[in-house]
Amino acid sequence: MPEASKSLQDKIKQLSQVIIRAVTDLSKCKSCGTCILYCPLKIRAFNSDGKAVTIITDVSCGGCSVCWHRCPEGAINLLTFKRKTQNP
């Protein structure tokens, strides 16, 4: 199997240093449930206000962007966080 190109290796390294999470802009959410229906990890649900949010579970949102692409209101943002480094 051929080795990945230098640019692909750089991109993989860059992505391994961040965490991407789907976050709902509650002011834009119209409670349609589209993101809940299409989330491949099934980690989105309606909160107590009837807005669709990513819930906290043992499974973590990986930022796949399915909900972001499907949301008809543009209410989902993909936020990037720097991964915490572990000290030896």
Side-chain angles (χ1 to χ4, degrees):
M1 179 185 261
E3 189 172 306
S5 70
K6 174 76 168 109
S7 62
L8 180 56
Q9 289 177 28
D10 290 345
K11 186 65 173 179
I12 291 169
K13 183 178 179 182
Q14 177 188 7
L15 288 173
S16 72
Q17 297 171 1
V18 298
I19 299 169
I20 300 171
R21 299 284 186 255
V23 177
T24 305
D25 179 340
L26 299 177
S27 68
K28 291 182 178 180
C29 179
K30 301 296 185 198
S31 304
C32 69
T34 301
C35 61
I36 295 171
L37 177 67
Y38 287 102
C39 176
L41 298 177
K42 304 299 180 203
I43 58 171
R44 294 193 56 84
F46 290 114
N47 68 10
S48 60
D49 294 325
K51 303 294 184 171
V53 296
T54 302
I55 59 174
I56 298 173
T57 67
D58 291 339
V59 178
S60 184
C61 173
C64 73
S65 77
V66 171
C67 61
W68 180 80
H69 283 288
R70 294 284 185 159
C71 180
E73 301 300 324
I76 299 172
N77 296 304
L78 296 176
L79 302 183
T80 303
F81 301 93
K82 187 172 173 93
R83 203 177 279 279
K84 290 181 182 178
T85 57
Q86 295 179 350
N87 294 328

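Linking Ile, Leu, Val, Met, Phe, Trp and Tyr whenever their side-chain heavy atoms come within less than 4.5 Å leaves Leu78 and Phe81 in two separate clusters.
Taking every heavy atom of both residues into account, Ile43 and Ser60 meet most closely at CD1-C, 3.9 Å. Taking both residues in full, the closest heavy atoms of Leu37 and Lys42 are given as O-NZ, 3.2 Å, listed atom of the first, atom of the second, then distance. Here the closest heavy-atom approach between residue Ala4 and residue Gln9 is recorded as O-NE2, 2.7 Å.
No side-chain donor-acceptor contact under 3.5 Å links Arg44 to the backbone of Cys39. Under the 3.5 Å distance criterion, the side-chain polar atoms of Ser65 are left unmatched by any main-chain donor or acceptor of Trp68. Side-chain atoms of Lys51 come within 3.5 Å of backbone N or O of Cys29 as a donor-acceptor pair. Counting only distance, with no hydrogens or angles, the side chain of Thr24 and the backbone of Ala52 share a donor-acceptor pair below 3.5 Å. In terms of modelled atom types and a separation under 3.5 Å, the side chain of Asp25 and the main chain of Ser27 share a donor-acceptor contact.
Within a 6.0 Å radius of CZ in Phe46, other residues, nucleotides and ligands contribute more than 12 heavy atoms. In this structure, Ile56 places its CD1 atom where only 12 or fewer heavy-atom neighbours from other residues, nucleotides or ligands lie under 6.0 Å away.
Qualifying side-chain hydrogen bond (donor to acceptor under 3.5 Å, both in side chains) partners for Lys6, counting only residues two or more places apart in sequence or in other chains: Asp10.
In this structure, CG in Leu41 is found 6.5 Å from SG in Cys64, a value given to the nearest 0.5 Å. The distance from atom CD of Glu73 to atom SG of Cys35, rounded to the nearest 0.5 Å, is 11.0 Å. Note that the CD1 atom of Ile19 and the OG1 atom of Thr80 stand 10.0 Å from one another [nearest 0.5 Å].
Residues Leu26 and Asn47 are in side-chain contact: their nearest non-hydrogen atoms beyond the backbone lie under 4.5 Å apart.
Of the residues Thr34, Ile76, Ile36, the one that meets the side-chain contact (heavy atoms from CB on, under 4.5 Å) test with Arg70 is Thr34.
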